[in-house]
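See structure below.
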Amino acid sequence: MLRAFQRASVALLVVLAVGCAHTPGQAWHRSVTAIAAGQDSAARVRAITDRLDALEIPWTRHLFTGPKGQDGTNIIADLGGTGEVLLIGAHHDRVAAGIGATDNASGSAAVLELAATLKQRPLANHHVKLAFWDLEEQGLLGSAAWVAEHPEGAELYVNFDVFGWGDTLWVMAPDGATSISHAVQAATTAAGLAVSIGTQYPPTDHLPFLKAERPAVSFSLVDASEIKGILAMYAGEKLAAAPKVMQVIHTDKDQMDQLDTPDVKRALPVVLEALRRWDLDHAAH
Ligand SMILES: [Zn+2]
């Protein structure tokens with residue numbers, strides 16, 4: 001009886017596991033796990049390209065050399081589509097401390113799982129490319145190298161850095177990026193997801209684009225209560241109680257156990273909806 005019950009339970013678990021395999025939250029968690037498990041940069045890149053291969057999204061390796069001779073590898077993938085380029089990206093490198101689950105396997109996995117959905121149902125008006133940058137932690141070197149080599153740029157670059165938990169979509173949008181800001185507002189309002197949009201933001205891979213006067217936005221998922229403290233700490237203030245993001249990233253605590261998959265599962269479709277609204281807004285060129 002017990003054995004039969006156990007067998008039935010196992011069967012049920014298998015059914016549940018298979019059933020969940022296609023939900024964005026579980027797929028995201030699997031991708032974060034695979035990327036963060038990589039012992040070195042090559043293994044992390046391989047986790048990303050394995051997922052791209054599984055999704056049948058073609059990709060290429062772009063080697064670059066930083067200003068101090070640092071060797072880096074960006075991965076650029078091509079989802080196809082017609083129209084101007086929408087580039088969606090995240091950095092795949094990490095610092096030595098921790099395993100980089102939050103910073104930034106979480107963002108890389110967000111890009112992969114958005115791509116999985118966009119592959120099934122492409123945007124109507126844009127050619128979507130993906131970028132997985134190297135050496136962000138050494139000064140945004142991978143994204144800077146790509147911007148320097150691609151004066152044609154993209155109509156919009158959408159960056160993901162730190163996307164592992166939280167109740168609020170935190171968006172860097174420069175003044176004048178009204179179209180994507182409106183789309184984000186509309187999508188978050190429709191979904192009942194809290195959003196914070198502004199120009200103050202930690203340094204990440206959107207910056208080389210903005211410096212070259214290319215449109216770029218950046219997305220993080222955090223708790224609303226963290227934002228003020230994160231900005232204060234990046235401004236050099238010392239806080240009695242650091243917000244969770246600042247306690248986790250670039251420390252030994254950057255492990256899988258800090259992530260909250262249901263939060264990400266809730267937020268990713270909202271980001272996708274914002275991109276779809278932006279895409280429809282830009283129908284005529
Ligand atoms: Zn980062």
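Values below: every heavy atom of this structure, side chains too, minus hydrogens, waters and symmetry copies. Atoms within each ligand, like the ligands themselves, are counted from 1 in listed order.
- Aromatic ring orientation, Phe163 versus Phe160: perpendicular (interplanar angle above 60°, classes split at 30° and 60°).
- Each protein N/O/S atom under 2.8 Å from the Zn ion (ligand 1) was counted, for a total of 4.
- Considering Ile88, Asp161, Val184 as possible partners of Phe219, the one that fulfils the side chain to side chain contact (heavy atoms under 4.5 Å, CB included) test is Val184.
- Side-chain atoms of Asn125 and His282 form no donor-acceptor pair, as typed in the model, at a separation below 3.5 Å.
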(message) Let's go through His62 and Thr60 carefully: what are the C-alpha distance in whole Å and the side-chain angles of both, what is the deciding distance for side-chain hydrogen bond (donor to acceptor under 3.5 Å, both in side chains) to 0.1 Å, and is it a yes or a no?
(response) CA-CA 6 Å; His62 292 246; Thr60 50; 3.0 Å; yes
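- Side chains of His91 and Asn159: a donor-acceptor N/O pair is absent below 3.5 angstrom, by distance only.
- Within the 6.0 Å centre-distance limit, the rings of Tyr201 and Trp170 are counted as a close aromatic pair.
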